[in-house]
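Chain letters run A, B, ... following the sequence lines, proteins first and then strands; every chain starts at 1.
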2 protein chains.
Amino acid sequence: MTRVTGARERARTEIAESIKAEARRQLADAGAARLSLRAVARELGMVSSALYRYYPSRDDLLTALIIDAYDAVGSAAERAVAAAPAADPVVRWTAACHAVRRWALAHPHEYALIYGSPVPGYAAPEATTGPASRVARALIGVAEEAADSGLLAPAPFESADVLRDAEQLVRRLGMRLHPAAMARLTAAWAQLFGLVGFEVFGQFHDVVHAREEFFDRAAADLGRGIGLRSPAA
Amino acid sequence: MTRVTGARERARTEIAESIKAEARRQLADAGAARLSLRAVARELGMVSSALYRYYPSRDDLLTALIIDAYDAVGSAAERAVAAAPAADPVVRWTAACHAVRRWALAHPHEYALIYGSPVPGYAAPEATTGPASRVARALIGVAEEAADSGLLAPAPFESADVLRDAEQLVRRLGMRLHPAAMARLTAAWAQLFGLVGFEVFGQFHDVVHAREEFFDRAAADLGRGIGLRSPAA
DNA sequence: TCCAAAGCAAGAGCACTGCTCTCGATTGTG
DNA sequence: CACAATCGAGAGCAGTGCTCTTGCTTTGGA
């Protein structure tokens with residue numbers, strides 16, 4: 001895959017990469033709104049106009065950061081699921097949830113970039129949709145395995161339209177979860193980010209102090225809500 | 001309450017109000033990031049430096065808008081609860097949820113301002129905490145009434161620390177809900193805004209199409225999850 | 001090997017931003 | 001009436017994203 005490339009091309013991707021790295025540093029420091037192309041260029045010892053050779057606009061640079069961020073949470077969730085014991089779907093589910101939360105707390109500004117208010121006038125390009133679904137795929141994977149082991153209780157979702165949406169979605173993602181379960185999982189997916197977002201964005205300030213425990217219980221309930229069951233001991 | 005005030009003072013609050021109104025218009029149009037003091041001043045026929053007599057900084061103007069936004073969602077939720085039939089807590093709960101969702105969809109940028117990523121370097125002043133809790137209070141009210149009518153099933157929350165947080169919170173808000181119920185409600189509260197936020201911020205694009213129905217079921221499940229029960233027919 | 005073409009950094013410049021400061025004019029009050 | 005507080009206007013500062021032009025360097029083909 002790693003084709004041999006000319007010196008120029010190699011230098012180009014290298015510079016583009018260090019621009020992104022510096023941008024990510026500033027993003028982590030001060031947030032997306034304060035990310036300045038000029039400051040990035042300055043820090044890299046180049047003039048601001050030179051930077052436009054690598055990223056045609058601020059939005060393009062942000063898009064690159066967005067894709068990386070989606071990949072980072074996604075892979076964190078995947079790794080957490082892979083590392084969790086295969087036997088108990090509820091444990092696997094909460095492991096994925098905790099991974100998302102941990103990543104979000106460790107990278108609040110990157111989290112805000114992808115799950116917070118969208119940047120003004122910014123439309124997510126197609127390129128982001130793939131990485132954006134990695135967390136969802138990980139969660140769906142847990143539910144599918146549970147279903148295979150007979151540990152996914154049937155939980156109906158009484159709406160033909162919603163079930164149709166769910167079926168379409170499962171097909172598009174190339175997965176095989178039952179539509180009703182998929183519909184409930186979609187809700188749980190959104191609700192998970194409600195929990196994480198409130199904590200990251202400070203809405204739990206002076207409201208919840210025992211946050212890890214609170215989240216753990218809430219996440220487990222979320223998993224049980226979509227029908228996940230622990231194996232009988 | 002409405003004290004008689006001098007002409008100057010009256011003019012002052014009037015101007016401050018029209019600044020806020022124009023700012024809200026621009027916020028609704030383009031989002032918080034694109035809200036420009038200079039543009040507001042321009043639209044009002046004044047010079048930008050004059051505006052600083054009324055709002056010492058952009059953040060102060062934003063704070064005023066934030067308070068108004070919290071009040072707007074809060075009152076929408078309160079009115080929805082008041083208008084819903086008193087007999088069925090689940091219906092009352094979902095009515096509040098729908099009110100929040102409707103308001104959010106109608107005012108996406110204001111929603112983003114209060115429940116999206118916090119503006120960089122902006123710390124919510126004390127003055128916002130009151131209005132910020134109105135939605136939560138409305139939801140808690142529904143749960144309390146349900147408990148009074150015997151329609152709140154006991155739903156434990158197995159964590160002493162979390163229960164202590166919940167108890168503290170209930171006391172601070174001057175309410176009387178059972179701590180375990182409060183803990184679950186806190187989670188449901190955050191999850192509700194997960195559902196709403198994902199829809200408003202476009203995360204449901206190409207994922208959920210039957211959104212009203214989807215939300216309705218999810219919100220009802222949320223209510224049942226904290227123990228709300230419909231009265232036996 | 002030579003040369004045109006493409007890629008690149010640099011600088012100047014445009015229109016915009018939040019914010020500060022100063023300077024007169026206006027206003028309400030002692 | 002006089003004085004002090006308040007106010008609007010303007011200039012100005014430092015910063016932003018982005019464009020365009022000017023030369024220099026690297027590259028690939030004749």
Rounded off to whole Å, could you give me the CZ-to-C1' distance for the Arg58(A) and dT16(D) pair?
9 Å
Would you mind reading off the distance between Ile19(B) atom CD1 and dG18(C) atom P, rounded to a whole angstrom?
13 Å
Compute both the distance and the angle, then confirm whether Arg101(B) meets the cation-pi test with Phe215(B): under 6.0 Å from the six-membered ring centre, within 45 degrees of the axis.
yes
At under 4.0 Å between heavy atoms, what does Leu35(A) touch on the DNA or RNA strands: base, sugar-phosphate, or nothing?
sugar-phosphate
Would you indicate which nucleotide in dC19(C), dG10(D), dA10(C) comes nearest to any side-chain atom of Val47(B)?
dG10(D)
Nucleotide dT6(D), atom P - distance to CZ of Arg10(B) in whole Å
18 Å
5'-most by nearest nucleotide on DNA chain D - Ser49(A) or Ala39(A):
Ala39(A)
Is the ring pair Phe198(A)/Trp189(B) parallel, tilted or perpendicular, if the boundaries are 30 and 60 degrees?
perpendicular
Give a yes/no answer on whether the side chain of Arg42(A) brings an N or O atom under 4.0 Å of OP1 or OP2 in dA14(D).
no
Look at all strands and tell whether Ser48(B) reaches a base, only sugar-phosphate, or nothing, counting heavy atoms closer than 4.0 Å.
base
Would you classify Tyr55(A) as touching base, sugar-phosphate or nothing, given that sugar-phosphate means primed atoms plus P, OP1 and OP2, and contacts are heavy atoms under 4.0 Å?
nothing
For a quick check of understanding: with a heavy-atom distance under 4.0 Å over all strands, which category does Ser36(B) fall into, base, sugar-phosphate or nothing?
sugar-phosphate
Can you work out whether Ala50(A) or Pro56(B) has the more 5'-proximal nearest nucleotide on DNA chain C?
Ala50(A)
Just how far, in rounded Å, is P of dT27(C) from CD1 of Ile15(B)?
12 Å
Before accepting this row, confirm whether a basic side-chain N of the pair Arg25(B)/Glu22(B) lies closer than 4.0 Å to the acidic partner's carboxylate O.
yes
May I ask you to evaluate whether Arg12(A) reaches the phosphate of dC8(C), defined as a side-chain N or O under 4.0 Å from OP1 or OP2?
yes
Which whole-number value in Å describes the distance from Leu37(A) CG to dA9(C) C1'?
16 Å
Return the value, rounded to whole Å, for the distance between atom CG of Leu51(A) and atom P of dA9(C).
9 Å
Can you see whether His209(B) engages Asp161(A) through a side-chain donor-acceptor pair at a distance of less than 3.5 angstrom?
no
Rounding to a whole Å, what distance do you find between Arg34(A):CZ and dG15(D):P?
14 Å
Would you say dG7(C) has OP1 or OP2 under 4.0 Å from some side-chain N or O of Arg53(A)?
no
Spell out, as yes or no, whether a donor-acceptor pair under 3.5 Å connects the side chain of Ser48(A) to the backbone of Ala41(A).
no
Between dC7(D) and Tyr52(B), is there an OP1 or OP2 to side-chain N/O distance shorter than 4.0 Å?
no
Polar side-chain contact Arg38(B)-dG18(C) base: donor and acceptor under 3.5 Å
yes
Between Glu14(B) (CD) and dC7(D) (C1'), how many Å, whole number?
16 Å
